[in-house]
Protein chains: 2
Amino acid sequence: MATIRDVAASAGVGTATVSRVLNGYAGVRPATRDRVLQAARVLNYRANGVAKALATGKFRTAGLILPDVSNPFFPSLARGVEDAAHADGYAVIFGNADNVPEREAEYVGLLRDRLVDGMIIASTGAPAALAELVGDVPVVLLDRRVPGWRVSYVSTDHRLGARLAVQHLVARGHQRIAHLGGPEHVASAEDRLGGYREALLEAGIDPRAEWIARGPFSYESGYERMLHWIDSGLEISAVFAADDLIAIGALQACQDRGWAIPQRLALVGFDDTLLARLVRPRLTTVLQPAYQIGVQAWELLARHMADPGAPTSDVVVEPHLVIREST
Amino acid sequence: MATIRDVAASAGVGTATVSRVLNGYAGVRPATRDRVLQAARVLNYRANGVAKALATGKFRTAGLILPDVSNPFFPSLARGVEDAAHADGYAVIFGNADNVPEREAEYVGLLRDRLVDGMIIASTGAPAALAELVGDVPVVLLDRRVPGWRVSYVSTDHRLGARLAVQHLVARGHQRIAHLGGPEHVASAEDRLGGYREALLEAGIDPRAEWIARGPFSYESGYERMLHWIDSGLEISAVFAADDLIAIGALQACQDRGWAIPQRLALVGFDDTLLARLVRPRLTTVLQPAYQIGVQAWELLARHMADPGAPTSDVVVEPHLVIREST
DNA sequence: ATCATCGATGAAAGCGGTTTCATACTACCG
DNA sequence: CGGTAGTATGAAACCGCTTTCATCGATGAT
C-alpha cells in the first residue's frame with residue numbers, strides 16, 4: 001500500500017505538497033500539481049483514513065445505534081441516515097442494540113473509541129447513562145428526550161399518531177377500544193399509550209385498565225397478548241396496537257380464533273411498514289416516515305459536527321393515518 | 001479527553017508501561033500496575049482507537065456490504081454477522097449498495113480507506129472489479145464466486161433449493177410450472193433458475209421460455225410480472241418465485257385477479273423470511289438460514305484476519321423446503 | 001565482594017497523514 | 001538594480017498509541 005511519502009518521492013516533492021494537492025488547496029503550481037497527481041495515479045495511492053483521522057481529529061464516520069433491525073421500521077430509517085451520510089462522504093457504523101440497554105452502552109463506547117465524529121441513537125433503555133459515555137461527541141437522539149442533556153432530537157409525534165388512530169376507531173362507531181402497548185419506559189410506547197388515553201377521554205370513554213396490555217414490539221408478543229384477550233373473553237370491538245408487528249401478531253391471533261377483521265374486531269397499527277400492506281386484510285395504520293426521519297436526523301447531526309456550538313433543535317415529525325381494510 | 005501521556009504522568013510512569021498494563025502484558029510489577037490502573041480510572045481514560053489502529057495496523061472493525069437492507073433476508077444475515085463480530089470485540093461498518101454496482105464499489109473504497117480489517121460482501125454486480133479495490137484486505141464473499149480471486153465463500157446451495165421447490169410442485173401434480181426469476185447476472189438468481197430447469201427436465205417436463213420472467217428481487221416486480229402473466233392468459237398451475245418478496249407480490253396479484261391460492265395456482269418462494277409466515281395463505285418456501293450464514297461468514301473472515309495465509313474455503317449451506325398453505 | 005543475568009521500566013522511533021513555519025525563489029516597484 | 005512583497009515549497013513537529021531497545025537496579029552465583 002503506497003503511502004504519501006512514496007508519492008512524494010516519486011513526484012520529487014515533499015509530503016506537504018502532496019497533501020496540499022490531494023486535498024485541493026490552492027497555491028500549488030500547476031506543473032507540480034500534475035506531477036503529484038500523476039504519481040498518485042501510477043502508485044494507485046489512496047490516503048489512509050486512519051492516519052488522516054488521527055491527524056485531523058475527523059474521521060468522516062458516524063455511528064448509528066438501533067434497537068432492533070428485525071423490525072422493518074428501522075432498516076428504512078437506517079437507509080435514510082445512510083443515504084444522506086453517504087452523500088456527504090461519510091460512512092456509517094451501525095450497531096444493533098437488540099433492545100438490551102447494556103449492549104447499547106457497549107456500542108456507544110465502541111463507537112467512541114473508534115472516534116466517530118457523531119452518533120445517532122435510537123435508544124432502547126434509559127439513555128441518561130449514555131450522556132457520560134458519549135463524552136463531547138455530537139449526538140442526535142431519536143424518539144427520546146433526556147432532561148438536561150443538550151442534544152438535538154427528532155421524533156414523531158407519537159401522541160398525535162395514537163390519537164388519530166383512536167379517533168378513527170371512535171368515528172367508526174367503536175366504544176370498547178383496547179390497546180396493545182409497547183414496552184414500558186420506552187418513550188414512543190409511553191406516548192402512544194398517552195395518546196390512546198387522551199383520545200378515549202375526549203370521546204367520553206373511560207379507558208379501562210383491562211383494555212391495556214403492554215409488551216415488546218414484536219409479532220410474537222402481539223399474537224400472544226391478543227390470544228389471551230380472546231380466550232379470556234375480554235369484550236372489545238377494536239384494538240389499537242402500538243406498532244405494526246404487534247398488530248400483525250394480533251391479526252394472526254384473531255384469524256386463528258375465527259374473529260373476522262374488521263367485522264368482529266377493528267385493528268389499527270403504527271409505523272406503516274411494508275408489512276401493513278402485505279397482510280390480509282391490509283392493515284390500517286399510522287404512517288411514520290422512517291426514511292425521512294433518518295435523513296432529518298443526519299442533517300441535524302451534520303450541523304452539529306460542522307459546528308459544535310450550534311444550537312440544538314427539536315424536530316417533530318407529523319404522522320398520518322393510512323386507512324386500509326382492517327377497520 | 002485524557003491521553004495515554006496524561007495517565008503516564010499521573011501515575012508517574014512512562015507511556016510504555018501504561019500501554020503494557022492496559023493491554024495486559026505480563027512483566028509489570030503489581031504495585032506499578034495498580035498505580036496505572038488507578039490513574040486511568042481517575043482520568044476516565046479510554047484508549048483512542050484510531051491512534052491504536054494506526055500504530056498496530058489493526059482496527060478491530062470489519063465492513064459488511066449488502067445489496068438491499070429492505071429485503072428482510074439481509075437484516076437477519078447482518079445480525080448474524082454483527083452478533084458474531086461483536087462477541088469478538090469487533091465493530092462492523094455496514095453499507096447498503098442498493099443494488100447498484102457503482103455504489104458497491106464506492107463502499108468498498110470507503111471501507112478500505114477506513115482501514116477495516118476485513119470485509120464481507122454480498123455482491124450485487126460483477127465483483128471481479130472489486131478484487132483490485134479491496135487490495136489485500138481479507139474478504140469473504142457471499143453467494144458469489146469470482147474465478148481467480150482467492151477468497152473464501154459462503155453460499156446457500158441455491159440450485160438444490162430451487163430443485164426442492166420444483167420437485168415439491170411436481171409431486172403435487174403440477175406440470176405447468178413457471179418461474180418468477182431474480183435479476184440477471186446475480187449468482188443466486190442464476191442458480192435458482194438453473195435448479196428450476198434441472199428439476200423440470202428430470203421430471204420430463206420441457207421448460208418453456210414463456211414460463212420464465214426475470215426481474216428484481218422486489219414485491220412490486222413480483223406483483224407486476226404475475227399480473228402480466230394472468231392478464232395475458234398464460235396457462236400455468238404453479239409458480240416458483242426466486243424469493244419471498246417476489247412470491248408475495250405474485251400472491252397479491254393472484255388475489256387481485258381472483259386466482260385462488262393454492263387451488264388455481266400453487267406458489268413457492270425462497271428465503272423463508274418472516275413475511276412467508278405472515279401472508280395468507282402462508283407461503284411455502286425454501287429456507288435459507290440467514291442468521292447462521294452471517295455467523296459462518298464472520299467465522300471465515302475472523303480466520304483470515306487472524307492468519308492472512310490461511311487457506312480459503314468454500315462453505316455451502318443446505319436449504320430446506322418449508323411447506324405451508326400456498327401449495 | 002564481584003560480576004553476569006534478568007526483570008522492570010522509560011526514551012524514542014515509528015504508524016501515515018496534516019499543518020505550521022521557515023526558506024528559496026519570483027516578480028514587481030521605485 | 002536593490003529592496004520588498006508575495007508565492008511555492010519542504011522540513012519537521014505533531015496527532016495518540018505501540019514496541020523496540022537500552023538502561024538500571026536487584027538478584028544469585030562464584
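Quick note on labels: first sequence line is chain A, next is B, and so on, each numbered from 1. The structure displayed is predicted, hence computed values, not measured ones.
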Shortest side-chain distance from A:R20, nucleotide among D:dC21, C:dG16, D:dG10: D:dG10
Would you please confirm or rule out a distance under 4.0 Å between OP1 or OP2 of D:dT18 and any side-chain N or O of B:K52? yes
Does B:R20 offer a backbone N or O that forms a donor-acceptor pair with the side chain of B:R33 under 3.5 Å? no
Using a 3.5 Å distance criterion without hydrogens, assess whether the side chain of A:R114 forms a donor-acceptor pair with backbone atoms of B:G49. no
Which nucleotide in the set C:dG17, D:dG16, D:dT9 lies at the smallest distance from any side-chain heavy atom of A:A55? C:dG17
N or O in side chain of A:T17 less than 4.0 angstrom from D:dT9 OP1/OP2: no
A:S313 backbone acceptor or donor facing A:S152 side chain under 3.5 Å: yes
D:dT7 OP1/OP2 closer than 4.0 Å to side-chain N/O of A:R29: no
Between C:dC15 and A:N48, is there an OP1 or OP2 to side-chain N/O distance shorter than 4.0 Å? no
Calculate the interatomic distance between B:K58 atom NZ and C:dG16 atom P; express it in whole Å. 13 Å
Counting just side-chain N and O atoms, does A:S19 come under 4.0 Å of either OP1 or OP2 of C:dG17? no
Tell me which of A:T15 and B:T15 sits closer to the 5' end of DNA chain D, going by the nucleotide each one is nearest to. A:T15
Just to be sure I understand the rule, does B:T32 reach a base, reach only the sugar-phosphate, or reach nothing, if contact means heavy atoms closer than 4.0 Å? sugar-phosphate
How long is the line joining CG of A:L22 and C1' of C:dT19, in whole Å? 15 Å
Taking 4.0 Å as the cut-off, does a side-chain nitrogen or oxygen of A:Y25 come that near to OP1 or OP2 on D:dA8? no
Basic-acidic side-chain contact under 4.0 Å: A:D98, B:R79: yes
Considering only heavy side-chain atoms of A:A16, the closest of D:dT19, C:dT9, D:dA11 is D:dA11
May I ask you to say what B:V50 touches in the nucleic acid, namely base, sugar-phosphate or nothing, with a heavy-atom cut-off under 4.0 Å? nothing
Indicate yes or no: does A:R41 engage A:D34 in a salt bridge with an N to O separation below 4.0 Å. no
Does A:D117 reach the main-chain N or O of A:T61 with its side chain, forming a donor-acceptor pair under 3.5 Å? yes
OH of B:Y45 versus C1' of D:dC17: gap in Å, rounded? 7 Å
Calculate the interatomic distance between A:N23 atom CG and C:dT19 atom P; express it in whole Å. 8 Å
Rounded interatomic separation in angstrom, taking CZ from B:R46 and P from D:dG16: 17 Å
So which of residues 4-11 of chain A are in contact with DNA chain C, with a heavy-atom cut-off of under 4.0 Å? A:I4, A:R5
Atom CG of A:D113 to atom P of D:dG16: distance rounded to whole Å? 15 Å
For a side chain to side chain contact (heavy atoms under 4.5 Å, CB included) check, start with the C-alpha distance between A:D88 and A:W298, then their side-chain angles and the critical distance, and finish with the verdict. CA-CA 10 Å; A:D88 287 353; A:W298 176 260; 2.9 Å; yes
B:G12 or B:A51, whichever maps to the more 5' nucleotide of DNA chain C: B:G12
Please check: side-chain N/O of A:E82 versus main-chain N/O of B:N96, any donor-acceptor pairing under 3.5 Å? yes
To the nearest angstrom, the CZ-P distance between B:F59 and D:dT18 comes to 13 Å
Which whole-number value in Å describes the distance from B:R33 CZ to C:dG10 P? 14 Å
